[in-house]
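What follows is one structure encoded as structure tokens, with my remarks underneath.
Heavy-atom basis, side chains included; hydrogens, waters and symmetry copies ignored. Order of listing sets the numbers, starting from 1, for every ligand and every atom in it.
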Amino acid sequence: MSRPIRVVFLGPPGAGKGTQAKVLETRYAARQISTGDILRANLAAGSALGLKAKTYMDAGELVPDDVVIGMMEAELGGLPSFILDGFPRTVAQAEALDALLVKLDRPLTGVLLFDADRATLTERLTGRWTNPRNGRTYHAVFNPPRVAGICDEDGGPLVQRPDDTHDVVVERLAEYDKKTAPLIGYYAATGLLKRIDGLQSIEAVTADVLAALDDRNEAA
Ligand code: AP5
Ligand code: MG
């Protein structure tokens, strides 16, 4: 099955956006575009963009809108199917995305909001292990790799993100409440928003995501 999907994954840090985006990428032949992964790759490469983003990311703050919007314009052109994971994160970013998609004549087909309570989000993030080469994430308890510290997929080492410490997670959640949560009303008004209970098992969340996307595509 490979219908075009153009979806936004919305939700606080740790809600499972990246985990589910990886599952959908294969199923729908859609590209996951994770602003966090792109910023971290820039940081690792020592690019000007990465250096600009570093202080904000280290502190758990959002990177300024103009930096992220410019970066996304370059990413989105020509893609028939995509999963936006972690973008938009402010109303200004959402407005810029709308304008860009009108220009490309590729409207969004859905917006999924993942959520979970704060204690769960914190537990997930502080126990997360990441493969910086392919963006795959694991969890020490909830989703362990076959061999501790090693990615199932490429056999390379897993790392803990520097912003997954307890104190930075608190900041990231506060940034979400202040700057990103207003997007729930923004997208509810478009009729595209569907809520997904992110507290369930990874497999149960995937089942709900697939149902939500199929409904949306059939209704379109
Ligand atoms: P980013 O990399 O996007 O991080 P985030 O939004 O803080 O979200 P996470 O990746 O931490 O959470 P997730 O929902 O993807 O969870 P995951 O699936 O990994 O952004 C990082 C930084 O970059 C930002 O702080 C900001 O500075 C900057 N930035 C990025 N985008 C920006 C933008 N648009 N504008 C401005 N600045 C931007 O799951 C988490 C853990 O839980 C994993 O260990 C996983 O295995 C586990 N897990 C997942 N689902 C389940 C489940 N159902 N049950 C049990 N465990 C689960
Ligand atoms: Mg993520």
Side-chain angles (χ1 to χ4, degrees), residues 8-25 32-43 49-50 52-72 75-76 83-94 96-97 112-117 119-132 134-145 151-152 158-165 168-181 183 196-209:
V8 168
F9 276 10
L10 196 61
K17 305 179 298 293
T19 302
Q20 297 300 330
K22 286 288 175 210
V23 177
L24 287 200
E25 251 195 330
Q32 173 202 22
I33 304 181
S34 158
T35 34
D37 286 350
I38 298 168
L39 290 167
R40 278 184 291 278
N42 271 279
L43 195 54
L49 177 69
K52 212 185 274 183
K54 180 177 165 39
T55 35
Y56 299 98
M57 296 176 78
D58 285 350
E61 293 167 12
L62 293 188
V63 174
D65 285 334
D66 58 330
V67 176
V68 178
I69 290 168
M71 184 179 98
M72 289 304 282
E75 291 288 330
L76 272 176
I83 302 153
L84 298 182
D85 166 9
F87 178 87
R89 252 162 147 121
T90 63
V91 170
Q93 291 181 18
L97 175 65
L112 302 189
L113 169 65
F114 299 79
D115 211 355
D117 61 80
T120 303
L121 296 170
T122 306
E123 195 181 7
R124 285 184 184 172
L125 292 172
T126 52
R128 172 165 64 181
W129 288 84
T130 303
N131 180 341
N134 61 16
R136 278 199 185 272
T137 56
Y138 299 84
H139 190 279
V141 178
F142 305 134
N143 184 24
C151 179
D152 292 349
L158 300 173
V159 298
Q160 286 194 290
R161 270 171 46 179
D163 60 344
D164 277 347
T165 58
V168 184
V169 166
V170 168
E171 280 310 313
R172 285 160 62 198
L173 290 169
E175 279 284 88
Y176 175 80
D177 288 340
K178 198 163 51 178
K179 298 180 181 163
T180 308
L183 288 182
I196 305 285
D197 176 6
L199 271 178
Q200 309 171 87
S201 69
I202 292 174
E203 295 73 22
V205 174
T206 301
D208 281 2
V209 168

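- Side-chain atoms of Thr120 do not come within 3.5 Å of backbone N or O of Ala116 as any donor-acceptor pair.
- The contact set between ligand 1 and Thr137, taken as ligand atoms under 4.0 Å from a residue heavy atom, comprises 19 (O).
- For atom 23 (O) of ligand 1, the nearest protein heavy atom (residue, atom name, distance) is Met57 CE, 3.4 Å.
- Between the choices Val63, Asn143, Ile202, the shortest heavy-atom distance to atom 51 (C) of ligand 1 belongs to Ile202.
- Counting the atoms of ligand 1 from 1 in the order shown, those under 4.0 Å from a heavy atom of His139 are 44 (O), 46 (O).
- For Arg89 (side chain) and Gly86 (main-chain N/O), a donor-acceptor pair under 3.5 Å exists by modelled atom type.
- The protein heavy-atom contact nearest to atom 53 (N) of ligand 1 is Gln200 O, 2.8 Å.
- Closest to atom 15 (O) of ligand 1 by heavy atom, among Gly135, Gly18, Ala116, Ala92, is Gly18.
- Of the protein's non-hydrogen atoms, the one nearest atom 31 (N) of ligand 1 is Thr35 OG1, 2.8 Å.
- Distances from ligand 1 to the non-hydrogen atoms of Ala15 include at least one value under 4.0 Å.
- With rounding to the nearest 0.5 Å, the separation of CD in Glu75 from CD1 in Ile38 is 3.5 Å.
- Here the CG atom belonging to Leu199 is positioned 13.0 Å from the CZ atom belonging to Phe114, to the nearest 0.5 angstrom.
- For atom 41 (C) of ligand 1, the nearest non-hydrogen atom from the set Met71, Gln20, Arg124 comes from Arg124.
- Here the heavy atom of the protein found nearest to atom 12 (O) of ligand 1 is Gly14 N, 2.8 Å.
- The distance from the CG atom of Leu62 to the OH atom of Tyr56 is 11.0 Å, given to the nearest 0.5 Å.
- The option with the heavy atom closest to atom 35 (N) of ligand 1, from among Arg128, Gln93, Arg40, Glu171, is Gln93.
- Closest protein heavy atom to atom 55 (C) of ligand 1: Phe142 CB, 3.5 Å.
- Near Tyr138, with a cut-off below 4.0 Å to any heavy atom, the atoms of ligand 1 are 43 (C), 44 (O), 46 (O).
- Within 6.0 Å of NZ on Lys52 lie no more than 12 heavy atoms contributed by other residues, nucleotides or ligands.
- Atom CG of Leu84 is separated from atom OG1 of Thr35 by 8.5 Å, given to the nearest 0.5 angstrom.
- Salt bridge status for Lys17 with Asp85: absent, with no side-chain N to carboxylate O gap under 4.0 Å.
- Atom-to-atom distance recorded for Phe9:CZ and Leu113:CG is 11.5 Å, nearest 0.5 angstrom.
- Here Ser201 has backbone heavy atoms under 4.0 Å from ligand 1, and that is the only part of it that gets that close.
- We find the CG-CG distance between Leu10 and Leu112 to be 9.5 Å, quoted to the nearest 0.5 Å.
- Short contacts between ligand 1 and Leu125, defined as distances under 4.0 Å to a heavy atom of the residue, involve ligand atoms 11 (O).
- Contacts between Leu39 and ligand 1, counted as non-hydrogen atom pairs separated by less than 4.0 Å, involve the side chain only.
- Protein heavy atom at the shortest distance from atom 49 (C) of ligand 1 is Thr19 OG1, 3.4 Å.
- Annotation: atom 8 (O) of ligand 1 to nearest protein heavy atom, Lys17 NZ, 3.4 Å.
- Compare Glu203, Arg89, Gln160, Arg161 by their heavy atoms: the one nearest to atom 33 (C) of ligand 1 is in Arg89.
- With a 4.0 Å heavy-atom cut-off, ligand 1 is reached by the side chain of Arg172 but not by its N, CA, C or O.
- Checked against a 3.5 angstrom limit, the closest N/O atoms of Gly86 and ligand 1 fall inside it.
- Nearest-heavy-atom check against atom 16 (O) of ligand 1 across Gly16, Pro12, Pro64 picks out Gly16.
- Under a 3.5 Å cut-off, the side chain of Arg172 and the backbone N or O of Asp163 do form a donor-acceptor pair.
- Residues Asp164 and Thr126 have side chains that never bring a donor and an acceptor to within less than 3.5 angstrom of each other.
- Contact atoms of ligand 1 toward Glu61: 26 (C), 27 (O) (distance under 4.0 Å to a heavy atom of the residue).
- Using modelled atom types and a 3.5 Å distance limit, the side chains of Thr180 and Glu175 yield no donor-acceptor pair.
- Counting only distance, with no hydrogens or angles, the side chain of Lys54 and the backbone of Arg40 share no donor-acceptor pair below 3.5 Å.
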